[in-house]
Amino acid sequence: MMIRYMATHPTVTLVESCTGLREIKQIHAQLLINGLLNDPYCLGQFVASIALNHQNNLAYSDQLLDQSHNPTVFALNSMIRAYSRSSTPQRGFQFYNRILQSNTPDNYTFTFLVRSCTQVSSSDAALAVHAAIIKHGSDSNRHVQSGLINMYAELGFLGSARKLFSEIREPDLVSQTAMVSACARCGEVDFAQNLFDEMPYRDPIAWNAMIAGYSQCGRSKEALDLFHLMQMDGAKVNEATMVSVLSACTHLGALDQGKWAHAYIERNKLQMTVTLGTALIDMYSKCGNMSKAMDVFWGMKERNVYTWSSAMGGLAMNGAGEKCLELFSLMKQDGIQPNEVTFISVLRGCCVVGLVEEGRKHFESMTQVYGLEPQLEHYGCMVDLYGRAGRLDDAFNFINNMPMKPHAGAWGALLHACKIHKNMELGELALRNIVELEAKNDGAYVLLSNIYADSKNWDGVSSIRHLMKAKGVRKVPGCSVIEVGGVVHEFFMGDKSHPRYGEIEVMLGEISRRLRLAGYVANTNPVLFDIEEEEKEDALCRHSEKVAIAFGLISLDEGVPIRIVKNLRVCGDCHDATKVISRVFNREIIVRDRNRFHHFKDGECSCKGFW
DNA sequence: CTAGGGTTAG
């Protein structure tokens, strides 16, 4: 018998323009009156149309199919597809079982099923589906093939993905791009680049995959370089390209290039999608221009949970805890459901302004109001919240009462609180726990050593030094980045390789002189810690952020804020010194360290000493 | 009548 497909029934085509369930029900009634739902093709079309156009009313299609005795593969496929794009992709599997009962799965079935496996990230399901694909001979279908590559990459099985790719006879643009993306996502960016180089033709999606690959693994400079190559190649830059470009700027803290990217988006009239807007907000807030970030935020037509969470996270990171909490209220008024990430922002907002009780309430509301299970990160935030507020006992109790094994982050928050509030004993306990979990956590050793140094416990300092040597822990070298004229300059601790180092050195001398004149006395206690170069008093002046600030002072015009991005946390002396520098040089200095922002102005810092 | 590759927050 020949299978004849009918064009979509005119009544069913109306489903597309429905605005809600009520209208869908009206169409349903009409179809019933006309007896059209007895026709499996028409039912299939109806079900598929709801699934395709009305993600929120998937359950309605679900019910319709439950009542139907002979659904078509088309209808069931449509359900697998719809669920594969929903937040509950595993629900699609039941329709596959139904197909197996009375029909034969086809290439479409497997394409959607593979997507579901990718979304649920289950290797059991993935292997079972792959076996079924081979059994039904769908493994020679291009759509299934690239889906499988994507699936294995998502599961981290790059070897399987590569094997599949090598078995494709004549890989086309799509499967090549899938493989490039797979390598990049599994951390094999260089391999991805090789594949990319060998592609006979590259479309914008291929470029995007490669740029995203660099951006996601932290090779931000290379991401931007590739973006420039893409433009020279004449490929059409689109929204997705710019999201990755902005993300690269964010990680570099390269505000000028980020601004340039923003201008590029406007000049080329790219669509300000939710994703792109969110990437812009993230860029501005992590490059220290929070007001611009909020301008973008308020200018957006549509905001999702990512948008709200990024803006809130940015406010918290920039010390505007109250504004972060205000935004949280507005978000709820807007009917956007907060998720786990939102609560990280909320708790950080409470933390930076010391709102302990409010934070505790939000934390409890996670389970009681929103049905969200607090994760390790949330517990870490709570320890931070109690700890910074000086409630070290509460912080310690909180760790002890965690329902899961505390991670190094929780102990690290406690250790940090011990540093702020000068508690040696609890600090020692915290370090012991951290070392048990992460033997090579250099930051933790340094922190405890600094606690010892602050109270002039030189035996303690020296014991830490020996401990680190014995365990082979090396301090990650401090590195500060500053962008001048669109060029990113990197300075490592004690680094003299910069072409203008002579001038920088002169400026460092000038800084020391003027700091001394201002009555500033360096806190040299922690210096004794430095294992490799024990240059003692000079060493502090060579901390990478000071060198970067000196370079900023000689290379940026007066009145231009100096923006620094540092890979570690700012040390106590640099923090104090920078406050004074901002006053005596009358310069705004904005430092992004690995945790948060410091806006130095007129001798004060926005963090008010808590970081 | 359905299908494969690229993009955001911790």
Side-chain angles (χ1 to χ4, degrees), chain A residues 3-9 12-13 41-42 44-49 51-52 72-82 84 106-115 118 138 141-151 153 168 171-182 184-185 202-213 215-216 238-247 250 273-283 285-286 303-314 316-317 338-348 375-378 380-381 409:
Chain A
I3 300 176
R4 186 174 47 86
Y5 295 116
M6 301 195 293
T8 309
H9 191 278
V12 173
T13 55
Y41 292 117
C42 192
Q45 286 168 353
F46 184 49
V47 164
S49 187
L52 183 64
T72 56
V73 180
F74 168 63
L76 296 166
N77 282 349
S78 300
M79 290 307 287
I80 302 177
R81 176 173 86 143
S84 80
D106 58 17
N107 290 338
Y108 292 92
T109 313
F110 288 118
T111 308
F112 304 141
L113 213 49
V114 164
R115 193 187 153 84
T118 310
S138 280
N141 178 279
R142 285 202 177 285
H143 301 268
V144 174
Q145 284 166 338
S146 35
L148 283 172
I149 290 172
N150 196 18
M151 180 186 80
I168 298 177
D172 64 357
L173 179 62
V174 176
S175 45
Q176 284 167 344
T177 309
M179 198 59 228
V180 166
S181 165
R185 270 184 296 158
R202 304 174 192 95
D203 71 352
I205 297 185
W207 282 99
N208 291 351
M210 201 57 234
I211 294 172
S215 178
Q216 284 161 358
N238 64 18
E239 288 78 10
T241 322
M242 296 315 288
V243 170
S244 293
V245 167
L246 284 169
S247 165
T250 306
T273 57
V274 184
T275 314
L276 189 53
T278 305
L280 259 178
I281 291 170
D282 197 41
M283 184 279 290
S285 62
K286 295 213 177 100
R303 306 177 189 96
N304 63 15
V305 65
Y306 285 78
T307 321
W308 287 94
S309 305
S310 322
M312 287 167 56
M317 194 189 281
N339 65 14
E340 285 89 348
V341 181
T342 318
F343 274 97
I344 303 240
S345 298
V346 171
L347 296 176
R348 288 190 177 160
Q375 305 158 339
L376 280 169
E377 291 84 349
H378 301 95
C381 286

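Naming convention: chains lettered A, B, ... in sequence-line order (proteins, then strands); numbering from 1 in each chain. Worth knowing before you read on, the calculation uses all heavy atoms, side chains too, and leaves out hydrogens, waters and symmetry mates.
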I want to verify a distance call: between B:dC1, B:dG5, B:dT8, whose nearest atom is closest to the A:Thr8 side chain? B:dC1
With no angle test and no hydrogens, is the base of B:dG5 tied to the side chain of A:Asn208 by a donor-acceptor pair under 3.5 Å? no
When rounded to the nearest 0.5 Å, the distance separating OG1 of A:Thr72 from CG of A:Asn77 is 8.0 Å
Apply salt bridge (Lys or Arg N to Asp or Glu O under 4.0 Å) to A:Asp203 and list each qualifying residue two or more places apart in sequence or on a separate chain. none
Could you give the distance from OG1 (A:Thr13) to CD (A:Gln45), rounded to the nearest 0.5 Å? 9.5 Å
If you check the A:Val243 side chain, which of B:dG5, B:dT8, B:dA9 turns out closest? B:dT8
Look at all strands and tell whether A:Ser310 reaches a base, only sugar-phosphate, or nothing, counting heavy atoms closer than 4.0 Å. sugar-phosphate
Mind checking if A:Asn107 touches a base, just sugar-phosphate, or nothing, with heavy atoms under 4.0 Å? base
When the distance from CG of A:Leu347 to C1' of B:dA9 is rounded to whole Å, what number comes out? 15 Å
From the candidates B:dT2, B:dG5, B:dT8, the one with an atom nearest any side-chain atom of A:Tyr306 is B:dT8
Tell me whether the OP1 or OP2 atom of B:dT8 has a side-chain N or O from A:Lys286 closer than 4.0 Å. no
Distance in angstrom units between A:Gln176 CD and B:dG6 C1', rounded: 15 Å
Quick check for you: among B:dT2, B:dT7, B:dG5, whose closest atom lies nearest to any side-chain atom of A:Thr177? B:dG5
Taking OP1 and OP2 of B:dG6, is either one under 4.0 Å from a side-chain nitrogen or oxygen of A:Arg185? yes
In terms of heavy-atom contacts, A:Met79 and A:Ala51 come closest through SD-CB, 4.0 Å
Mind checking side-chain contact (heavy atoms from CB on, under 4.5 Å) for A:Asp172 and listing every partner two or more places apart, or none if nothing turns up? A:Arg142, A:Val174, A:Ser175
Does A:Gln216 place a side-chain N or O at less than 4.0 Å from the phosphate oxygens OP1/OP2 of B:dT8? yes
Please evaluate the base of B:dA9 for a donor-acceptor partner in the side chain of A:Asn304 within a cut-off of under 3.5 Å? no
By the 4.0 Å heavy-atom rule, please label A:Leu173 as base, sugar-phosphate, or nothing. base
Check this one for me: any side-chain N or O of A:Ser244 less than 4.0 Å away from OP1 or OP2 of B:dT7? no
Which is true for A:Phe112 with a 4.0 Å heavy-atom rule: it touches a base, it touches only sugar-phosphate, or it touches nothing? base
Between P of B:dT2 and CE of A:Met79, the distance in whole Å: 17 Å
Give a yes or no on whether a donor-acceptor pair under 3.5 Å exists between the nucleobase atoms of B:dG10, that is its base, and the side chain of A:Glu340. no
Quick check: any donor-acceptor pair below 3.5 Å linking the side-chain of A:Asn141 to the base of B:dG4? no
With sugar-phosphate meaning primed atoms plus P, OP1 and OP2, does A:Asn77 contact a base, only sugar-phosphate, or nothing at under 4.0 Å between heavy atoms? base
Search all heavy atoms of A:Thr250 against all heavy atoms of A:Lys286 and return the closest pair with its distance. CG2-CB, 3.6 Å
Select base, sugar-phosphate, or nothing to describe what A:Glu239 touches, counting heavy atoms under 4.0 Å on all strands. base
Would you state whether a donor and an acceptor, one from the side chain of A:Asp172 and one from the base of B:dG4, lie under 3.5 Å apart? yes
Tell me which nucleotide among B:dC1, B:dA9, B:dG10 gets nearest to the side chain of A:Ser309. B:dA9
note: A:Arg115, atom CZ; B:dT2, atom P; distance rounded to Å ~ 17 Å
Under 4.0 Å between a side-chain N or O of A:Gln45 and OP1 or OP2 of B:dT2? no
Give A:Ala48 one of three labels, base, sugar-phosphate or nothing, depending on what nucleic acid heavy atoms sit under 4.0 Å from its own. nothing
